[in-house]
Undergrad: 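Provided herewith is a single structure, encoded as structure tokens, for subsequent inquiry.
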Amino acid sequence: MTVVSKTREQVVSKTREEKVACVIPARYASTRYPGKPLAMLTGATGESVSLIERSWRAAQGVSGLDSVYVATDDDRIADAARAFGAEVLMTSSDARNGTERCAEALEILGDVEMIVNLQGDAPLTPPWFLERLVEGLRNDAQAAIATPILRCDGETLAALKADRAAGRVGGTTAVADSKMRGLYFSKEVVPFTSETYAAEAPTPVFHHVGVYAYRPWALRAYPHWPIGPLETLEGLEQLRFLEAGHPVLCVEVEARGAKFWELNNPEDIPRIEAMLREMGAA
């Protein structure tokens, strides 16, 4: 793996005291939505803020993070991130997904207890999601990676089904066993249920929140594991851990009245902007 590590000397003195580093991977060249990190979202005050800045702002509200970085291979994103005050790690264009970009960031950062991956398309991620994630991985020595899951209410489940019916790839769903080990993650809505649920009623479907906490050994090994058929079919990076036989800890989180949705398609912008207005978020 080729890593552009010109920033290592700038950060190495700081990272000796770091335990938990948050990395926000961002790439410009997206097949479904080119330039997505720089998409503008208007909040409750009428202020338009880029997706990457909103994700960075979300990370600033999380307790227990020792640092927050934007990791990218694109100068446009890097310049925008530096302009709003973010520290930037320049990675290579070889990274095939956010986890591989985080692995490159780890090479630059050096020794840390864990890396938290807050993907740059999740500006509505509440701080307690990440706090529970860090706590969950610390408490489970067998897990290589931890990720949050959120029980869908009827409104969210209906939105997921509507996306699929329209042929859009929307949110990801997760299925876990009794010990909260991930069994499968899918862009389809699983498990199947034919029931109709009231808007605020709980359902048996869990929305996967695209945030991860990794143990350094697993993150370093990840780029060297083969891409399996499930990851190829679904396009979901966390499936590589399952296909390589490494447990993924699913940490159930609660919305506490907060709205959550990821920006996967241009059609998601009005939905997220409506949620920002509803939450009163600038």
Side-chain angles (χ1 to χ4, degrees), residues 1 15 18-25 59 62-67 71 95-107 109-119 122 125-152 172-187 190-191 204-254:
M1 179 189 301
T15 57
E18 288 181 7
K19 290 186 177 180
V20 182
C22 179
V23 175
I24 305 174
V62 179
S63 64
L65 299 181
D66 296 297
S67 56
R96 292 167 289 188
N97 57 42
T99 297
E100 289 194 1
R101 197 169 303 283
C102 284
E104 292 190 7
L106 178 61
E107 291 186 28
L109 292 173
D111 293 334
V112 293
E113 177 190 353
M114 70 177 74
I115 294 284
V116 173
N117 172 354
L118 174 60
Q119 299 202 55
T125 306
W128 59 89
F129 282 20
L130 279 74
E131 292 159 4
R132 284 275 293 119
L133 190 62
V134 171
E135 177 187 14
L137 189 61
R138 278 181 173 154
N139 292 337
D140 190 332
Q142 302 303 312
I145 172 180
T147 193
I149 59 172
L150 176 66
R151 186 179 293 276
C152 291
T172 298
T173 57
V175 179
D177 66 16
S178 60
K179 295 182 179 179
M180 297 304 289
R181 293 289 196 272
L183 293 173
Y184 197 59
F185 299 85
S186 182
K187 289 177 179 175
V190 292
V205 177
F206 283 90
H207 190 172
H208 173 243
V209 181
V211 182
Y212 304 96
Y214 313 97
R215 299 197 186 283
W217 69 263
L219 191 53
R220 290 190 180 98
Y222 178 89
H224 306 289
W225 294 333
I227 297 177
L230 299 179
E231 181 184 355
T232 300
L233 289 168
E234 295 272 9
L236 295 174
E237 61 205 275
Q238 66 271 32
L239 289 173
R240 197 180 309 180
F241 287 90
L242 293 183
E243 292 189 89
H246 298 285
V248 175
L249 174 65
C250 292
V251 179
E252 185 174 356
V253 293
E254 296 179 352

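Residue numbers start at 1 and run along the sequence shown.
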Undergrad: Ignoring hydrogens and angles, tell me if any N or O in the side chain of Ser67 forms a donor-acceptor pair with the backbone of Ala21 under 3.5 Å.
TA: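 It does not hold such a pair.
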
Undergrad: Could you tell me which residues satisfy side-chain hydrogen bond (donor to acceptor under 3.5 Å, both in side chains) with Tyr214, sequence neighbours excluded, listed by chain and number?
TA: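 Applying side-chain hydrogen bond (donor to acceptor under 3.5 Å, both in side chains) to Tyr214 gives Thr99, Asn117.
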
Undergrad: Between Arg132 and Glu135, does any side-chain N to carboxylate O distance fall below 4.0 Å?
TA: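 Salt bridge present between Arg132 and Glu135.
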
Undergrad: How about Leu118 and Thr125: do any of their side-chain heavy atoms sit closer than 4.5 Å?
TA: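 They are in contact (side-chain heavy atoms under 4.5 Å apart), so the answer is yes.
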
Undergrad: Just jot down the side-chain hydrogen bond (donor to acceptor under 3.5 Å, both in side chains) partners of Arg151, sequence neighbours excluded, or say none.
TA: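 If we apply the side-chain hydrogen bond (donor to acceptor under 3.5 Å, both in side chains) test to Arg151, skipping adjacent residues, there are no hits.
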
Undergrad: Would you find a donor on one side and an acceptor on the other, under 3.5 Å apart, between the side chain of Glu131 and the backbone of Ser63?
TA: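 Side chain of Glu131 to backbone of Ser63: a pair is present.
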
Undergrad: Apply salt bridge (charged side-chain N to carboxylate O under 4.0 Å, His left out) to Glu243 and list each qualifying residue two or more places apart in sequence or on a separate chain.
TA: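 With neighbours one apart ignored, the set is empty.
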
Undergrad: Looking at every non-hydrogen atom in both residues, tell me the closest pair between Leu137 and Ala143 and how far apart they are.
TA: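 Closest pair (atom of Leu137, atom of Ala143, distance): CD1-O, 3.7 Å.
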
Undergrad: Any non-hydrogen side-chain atom of Tyr212 less than 4.5 Å from a side-chain atom of Val248?
TA: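 No, side chains not in contact.
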
Undergrad: How many angstroms lie between OG1 in Thr172 and CG in Leu236, if you round to the nearest 0.5 Å?
TA: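 It is 4.5 Å, given to the nearest 0.5 Å.
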
Undergrad: Report yes if the side chains of Leu109 and Ile115 come closer than 4.5 Å at any heavy-atom pair, otherwise no.
TA: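 Leu109 vs Ile115: side chains touch.
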
Undergrad: Restricting to ring-ring contact (aromatic ring centres under 6.0 Å, His included), what partner residues turn up for Phe206, sequence neighbours left out?
TA: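 So Phe206 forms no ring-ring contact (aromatic ring centres under 6.0 Å, His included) with any residue.
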
Undergrad: Looking at Leu150, Leu133, Leu130, which one forms a side chain to side chain contact (heavy atoms under 4.5 Å, CB included) with Val253?
TA: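 Only one option passes, and that is Leu150.
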
Undergrad: Can you confirm whether Glu252 is buried at CD, in the sense that more than 12 heavy atoms of other residues, nucleotides or ligands lie under 6.0 Å from that atom?
TA: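 Yes.
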
Undergrad: Taking only residues at least two apart or on different chains, which pairs with a member in residues 224-233 satisfy salt bridge (Lys or Arg N to Asp or Glu O under 4.0 Å)?
TA: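 The answer is Glu231-Arg240.
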
Undergrad: Output all residues satisfying ring-ring contact (aromatic ring centres under 6.0 Å, His included) with Phe241, sequence neighbours left out; order by chain, then residue number.
TA: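 ring-ring contact (aromatic ring centres under 6.0 Å, His included) check on Phe241 returns Tyr222, Trp225.
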
Undergrad: State the CD-CG distance between Glu100 and Leu219, to the nearest 0.5 angstrom.
TA: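 It is 10.0 Å, given to the nearest 0.5 Å.
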
Undergrad: Which residues satisfy the side-chain hydrogen bond (donor to acceptor under 3.5 Å, both in side chains) test with Ser178, sequence neighbours excluded?
TA: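 Applying side-chain hydrogen bond (donor to acceptor under 3.5 Å, both in side chains) to Ser178 gives none.
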
Undergrad: About how many Å separate NE2 of His246 and CD1 of Ile145, when rounded to the nearest 0.5 Å?
TA: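 Here the interatomic distance stands at 11.0 Å.
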
Undergrad: If you look only at pairs with a residue in residues 174-184, which of them pass as a salt bridge (Lys or Arg N to Asp or Glu O under 4.0 Å), with sequence neighbours excluded?
TA: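 As it turns out, the salt bridge (Lys or Arg N to Asp or Glu O under 4.0 Å) pairs with a partner in residues 174-184, which skip direct neighbours, are Asp140-Arg181.
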
Undergrad: Taking side chain to side chain contact (heavy atoms under 4.5 Å, CB included) as the test, write out the residues that go with Ala174, two or more places apart.
TA: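 For Ala174 the side chain to side chain contact (heavy atoms under 4.5 Å, CB included) partners, ignoring immediate neighbours, are Ile149, Phe185, His208.
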
Undergrad: Can you sort out the partners of Ser186 under side-chain hydrogen bond (donor to acceptor under 3.5 Å, both in side chains), two or more places apart, ordered by chain and number?
TA: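 Partners of Ser186 under the side-chain hydrogen bond (donor to acceptor under 3.5 Å, both in side chains) test: Glu234.
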
Undergrad: What's the verdict on side chain to side chain contact (heavy atoms under 4.5 Å, CB included) for Glu113 and Asp66, showing C-alpha distance, side-chain angles and the deciding distance?
TA: CA-CA 11 Å; Glu113 177 190 353; Asp66 296 297; over 6 Å; no

Undergrad: Under the side chain to side chain contact (heavy atoms under 4.5 Å, CB included) rule, collect the residues that match up with Val134, sequence neighbours excluded.
TA: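 Listed in chain order: Val20, Met114, Val116, Arg138.
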
Undergrad: Got a sec, which residues hit salt bridge (charged side-chain N to carboxylate O under 4.0 Å, His left out) with Arg215, two or more places apart in sequence or on another chain?
TA: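 Per chain and number, Arg215 pairs via salt bridge (charged side-chain N to carboxylate O under 4.0 Å, His left out) with no residue.
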
